[in-house]
Amino acid sequence: QQQVKQSPQSLIVQKGGISIINCAYENTAFDYFPWYQQFPGKGPALLIAIRPDVSEKKEGRFTISFNKSAKQFSLHIMDSQPGDSATYFCAASGSNYQLIWGAGTKLIIKP
Amino acid sequence: GAVVSQHPSWVICKSGTSVKIECRSLDFQATTMFWYRQFPKQSLMLMATSNEGSKATYEQGVEKDKFLINHASLTLSTLTVTSAHPEDSSFYICSARGGGWDTEAFFGQGTRLTVV
């Protein structure tokens with residue numbers, strides 16, 4: 001019940017296209033859903049996060065869509081750029097603030 | 001966003017020696033710090049959670065005598081890998097958050113440990 005399932009494992013998108021990464025969770029007590037971006041040899045950095053009281057949050061080219069009834073949330077990267085090539089992790093946490101991590105998606109943006 | 005500084009960024013040590021990794025919150029008080037381990041092409045694995053002034057809580061399967069965590073102040077936590085062996089080689093990442101229900105966790109840049 002603590003798992004966060006992330007897909008796909010890897011994704012190749014043409015420059016200018018839309019990158020979509022999906023996550024599903026089981027624990028309905030989770031109330032914080034962040035997405036992190038990690039470059040090789042670096043720690044993860046928060047990209048965008050959402051709480052379950054809203055269904056969508058947009059920050060620049062990055063959008064989180066959240067479906068509470070389906071227990072799913074996704075990251076959309078619009079107008080994907082080569083600089084977006086990185087590994088993306090979804091996560092979820094509840095009242096103890098411990099992040100439960102997805103397995104990660106390696107995103108490659110082809111110029 | 002807030003800054004978490006992790007040092008060193010990489011270290012090579014001989015088998016049997018101990019290595020200390022520091023994690024500092026530079027512009028906020030870190031009520032809670034988390035230590036993670038990450039294997040190549042894998043997700044982050046939580047090792048332990050520490051609150052300032054108290055003993056760390058270790059995840060199942062993590063040896064507390066091998067991975068010593070100290071969170072003596074609101075801006076500093078350390079992870080000491082004692083009697084390191086090649087299987088301890090990994091990427092270690094710290095994370096810190098302040099108090100309050102709506103504060104996010106900020107991550108250090110990670111430490112690549114290689115035990116030879």
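Worth saying up front: this structure is predicted, and the values here are computed from it rather than measured. To find a chain, count down the sequence lines: A is the first, B the second, and so on, and within it residues start at 1.
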Next on the checklist: Under 4.5 Å from any heavy atom of chain B, what part of A:Ala103 do you find: side chain, backbone, both or neither?
Outcome noted: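 For A:Ala103, backbone heavy atoms alone lie under 4.5 Å from chain B.
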Checklist entry - Which bit of A:Gln6 is near chain B, if near means a heavy-atom gap under 4.5 Å: side chain, backbone, both or neither? => result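 Answer is neither: A:Gln6 stays 4.5 Å or more from chain B.
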Establish whether [X] and [Y] are linked, either directly or via other cluster members, by ILVMFWY side-chain heavy-atom contacts under 4.5 Å.
{"X": "B:Val11", "Y": "B:Trp35", "answer": "yes"}
{"X": "A:Phe73", "Y": "A:Leu11", "answer": "yes"}
{"X": "A:Ile100", "Y": "A:Ile48", "answer": "yes"}
{"X": "B:Tyr92", "Y": "B:Ile69", "answer": "yes"}
{"X": "B:Tyr36", "Y": "A:Tyr32", "answer": "yes"}

Checklist entry - Which bit of B:Gln6 is near chain A, if near means a heavy-atom gap under 4.5 Å: side chain, backbone, both or neither? => result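 For B:Gln6, there is no contact with chain A at all, as no heavy atom is under 4.5 Å.
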Item to check | Contacting moiety of B:Leu46, where chain A heavy atoms sit under 4.5 Å | outcome: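 For B:Leu46, side-chain heavy atoms alone lie under 4.5 Å from chain A.
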Taking atom [atom1] as the centre, does [X] end up with more than 12 heavy-atom neighbours from other residues, nucleotides or ligands that are less than 6.0 angstrom away?
{"X": "B:Lys66", "atom1": "NZ", "answer": "yes"}
{"X": "A:Gln9", "atom1": "CD", "answer": "no"}
{"X": "B:His85", "atom1": "NE2", "answer": "yes"}

Checklist entry - For the side chain of B:Ser43 and the backbone of A:Gly102, is there at least one donor-acceptor N/O pair under 3.5 Å apart? => result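 Yes: the side chain of B:Ser43 pairs with the backbone of A:Gly102.
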Next on the checklist: Could you tell me if the side chain of A:Tyr97 sits less than 4.5 Å from the side chain of B:Thr31, heavy atoms only?
Outcome noted: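 Result no, sub-4.5 Å side-chain heavy-atom pair not found.
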Checklist entry - Would you say B:Thr57 and A:Gln98 make side-chain contact, with heavy atoms under 4.5 Å? => result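 When only atoms from C-beta onward are counted, A:Gln98 and B:Thr57 do not touch, as no gap falls below 4.5 Å.
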Next on the checklist: Can you confirm whether or not the ring centre of B:Phe107 sits under 6.0 Å from the ring centre of A:Trp101?
Outcome noted: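 Centroid distance B:Phe107-A:Trp101: below 6.0 Å, so yes.
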Checklist entry - Taking A:Pro44, A:Gly104, A:Ala91 one by one, which has the highest count of heavy-atom pairs under 4.5 Å against chain B? => result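 Option with the top pair count is A:Pro44.
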Item to check | Most chain B-contacting option - heavy-atom pairs closer than 4.5 Å, from A:Pro34, A:Gly43, A:Pro40, A:Ala45 | outcome: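 Heavy-atom pair counts peak at A:Gly43.
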Item to check | Shortest non-hydrogen separation from A:Phe89 to B:Gln42 and the atoms involved | outcome: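 Minimum heavy-atom separation between A:Phe89 and B:Gln42: CZ-O, 3.8 Å.
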Checklist entry - How long is the gap from CD on B:Glu104 to CG on A:Leu99, to the nearest 0.5 Å? => result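 The CG atom of A:Leu99 is 10.5 Å from CD of B:Glu104, to the nearest 0.5 Å.
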